[in-house]
**Student:** 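My questions will all concern the structure given below.
None of these values were measured; they are calculated from a predicted model. We name chains A, B, ... by the order of the sequence lines, and we start the count at 1 in each one. Excluded from the calculations below are hydrogen atoms, water molecules and symmetry mates; all remaining heavy atoms, backbone and side chain alike, are included.
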Protein chains: 2
Amino acid sequence: MDDYEAQLRASVFKALADPNRLRLLSIVRSSEGGEACVCDLTEPLNLGQPTVSHHLKILVDAGLLHREKRGTWAYYSMVPGAIERTTGLLESL
Amino acid sequence: MDDYEAQLRASVFKALADPNRLRLLSIVRSSEGGEACVCDLTEPLNLGQPTVSHHLKILVDAGLLHREKRGTWAYYSMVPGAIERTTGLLESL
DNA sequence: CACCTATATCGATGATTGTCAATGTATGTG
DNA sequence: CACATACATTGACAATCATCGATATAGGTG
């Protein structure tokens, strides 16, 4: 594996390397409709809204979460196949 | 997922969240005999020996690598089932 | 014992990161 | 328009981390 490929894969695991981000993914995935807005996520994590938005951005940038704005709300949902794609990064090490 | 479980899982992904550590796993896994010593690993990564030892320790602490000392050398190999266990951490999010 | 080699540990340093308070932006409502 | 709400962005700070040079440890060899 060359350095470029290693950095690419590491960037995904970096997004997963925080307990609060793992909890965000878990909550989004188990939410009804498979989506949740920021206001639903601040309270269970006991974090401020800017911090939650920051974590969500990292997960979106990593290709794990999808962001869709409807009205005033921003709804986050899992990117289809993201988990499988990530496990593939491990299995093909 | 509670905070404790999230921290436990995040600690594994933290070990994977570095390109050089991913390359270490890749090299160890593809080495003949499934093991490699530190001296085989410093050159392909272009890192100093203390830095490589440091990364290896992190991978051992995460339960991904196994360390076996034979003579002056320390041989590192994948922990059997470690990859599968880690992908399980993702699939059960 | 003295010496060399392989590896681990320590201390320091620059870079990255998680968090918060404050502020900005955009959408909806009266 | 004025105001409230939901969210994003900015700036700052403390904590963590990756890396290196120096040093310690431990095993092998003469």
Side-chain angles (χ1 to χ4, degrees), chain A residues 1 3-4 6-28 31 33 35-62 64-77, chain B residues 1 3-4 6-28 31 33 35-62 64-77:
Chain A
M1 182 169 43
D3 188 64
Y4 177 72
Q7 291 202 21
L8 229 59
R9 300 193 188 197
S11 69
V12 179
F13 293 119
K14 243 179 260 209
L16 294 168
D18 180 274
N20 287 319
R21 287 199 287 271
L22 291 180
R23 297 186 71 188
L24 281 175
L25 291 179
S26 174
I27 294 173
V28 166
S31 293
E35 60 179 17
C37 60
V38 182
C39 57
D40 293 332
L41 298 168
T42 58
E43 189 228 346
L45 265 69
N46 204 25
L47 286 179
Q49 172 264 319
T51 303
V52 173
S53 278
H54 170 243
H55 285 311
L56 289 169
K57 176 169 170 43
I58 289 175
L59 291 169
V60 169
D61 290 346
L64 296 167
L65 282 188
H66 171 247
R67 176 181 184 272
E68 183 187 353
K69 185 150 195 192
R70 291 204 301 273
T72 317
W73 291 269
Y75 291 91
Y76 290 86
S77 56
Chain B
M1 183 168 43
D3 187 65
Y4 176 72
Q7 291 202 20
L8 231 58
R9 299 193 188 197
S11 69
V12 178
F13 293 119
K14 240 177 261 203
L16 295 167
D18 180 274
N20 287 318
R21 286 199 288 271
L22 290 180
R23 298 187 70 188
L24 282 174
L25 291 179
S26 174
I27 295 173
V28 166
S31 292
E35 61 180 15
C37 61
V38 182
C39 56
D40 294 332
L41 298 168
T42 57
E43 190 227 346
L45 265 67
N46 205 25
L47 286 179
Q49 172 266 318
T51 304
V52 173
S53 278
H54 171 242
H55 284 312
L56 289 169
K57 175 169 171 43
I58 289 175
L59 291 169
V60 169
D61 290 347
L64 296 168
L65 282 187
H66 171 247
R67 176 180 184 272
E68 184 188 352
K69 185 147 195 195
R70 291 202 302 273
T72 316
W73 291 270
Y75 292 91
Y76 289 87
S77 56

**Student:** Give A/His55 one of three labels, base, sugar-phosphate or nothing, depending on what nucleic acid heavy atoms sit under 4.0 Å from its own.
**Tutor:** sugar-phosphate

**Student:** Has the side chain of A/Arg21 got a donor or acceptor atom that lies under 3.5 Å from a matching backbone atom of A/Ala15?
**Tutor:** yes

**Student:** Would you say A/Leu65 and A/Leu24 make side-chain contact, with heavy atoms under 4.5 Å?
**Tutor:** no

**Student:** Nearest whole Å is fine: how far is C/dA6 P from B/Leu41 CG?
**Tutor:** 13 Å

**Student:** Within the structure shown, what part of the strands sits under 4.0 Å from B/Arg70 by heavy-atom distance: base, sugar-phosphate, or nothing?
**Tutor:** nothing

**Student:** Starting at CZ of B/Arg67 and ending at C1' of C/dT9, how long is that distance when rounded to a whole Å?
**Tutor:** 12 Å

**Student:** Can you confirm whether A/Gln7 sits close enough to B/Arg23 that some side-chain heavy atom of one is under 4.5 Å from a side-chain heavy atom of the other?
**Tutor:** no

**Student:** Checking all strands, does A/Tyr76 fall into the base, sugar-phosphate, or nothing category for heavy-atom contacts under 4.0 angstrom?
**Tutor:** sugar-phosphate

**Student:** Could a donor-acceptor pair under 3.5 angstrom be found where the side chain of A/Gln49 meets the base of D/dA6?
**Tutor:** no

**Student:** So, do A/Lys14 and B/Asp18 sit near enough that their side-chain heavy atoms are less than 4.5 Å apart?
**Tutor:** no

**Student:** Could you say whether A/Trp73 or A/His54 is positioned toward the 5' end of DNA chain D, judged by the nucleotide with the nearest heavy atom to each?
**Tutor:** A/Trp73

**Student:** If you check the A/Thr51 side chain, which of D/dA8, D/dT9, C/dT19 turns out closest?
**Tutor:** C/dT19

**Student:** Atom CZ of B/Arg23 to atom P of D/dT19: distance rounded to whole Å?
**Tutor:** 11 Å

**Student:** Is the phosphate of C/dA6 approached by B/Thr72 (side-chain N or O, under 4.0 Å from OP1 or OP2)?
**Tutor:** no

**Student:** Check whether any side-chain heavy atom of A/Asp40 sits under 4.5 Å from a side-chain heavy atom of A/Cys37, and report yes or no.
**Tutor:** yes

**Student:** Is B/Arg67 positioned over the aromatic face of B/Tyr75, cation under 6.0 angstrom from the ring centre and no more than 45 degrees off axis?
**Tutor:** no

**Student:** Specify the separation, in whole Å, of atom CG of B/Leu47 and atom P of D/dC17.
**Tutor:** 17 Å

**Student:** List in numerical order all residues of residues 11-18 of chain A for which some heavy atom is under 4.0 Å away from an atom belonging to DNA chain C.
**Tutor:** A/Lys14, A/Asp18

**Student:** Nearest-Å distance, OH (B/Tyr75) to P (C/dA8)?
**Tutor:** 13 Å

**Student:** Using whole Å, report how far CG of B/Asp61 lies from C1' of D/dT16.
**Tutor:** 16 Å

**Student:** When you measure from the side chain of B/Arg21, which nucleotide among D/dC20, C/dT19, D/dA18 comes out closest?
**Tutor:** D/dA18

**Student:** Round to a whole Å and report the spacing from NZ of A/Lys69 to C1' of D/dT9.
**Tutor:** 13 Å

**Student:** Is a side-chain N or O of B/Ser26 found less than 3.5 angstrom from the main chain of B/Leu22, in a donor-acceptor match?
**Tutor:** no

**Student:** What is the distance, rounded to the nearest whole Å, between atom CG of B/Asp40 and atom P of C/dT7?
**Tutor:** 8 Å

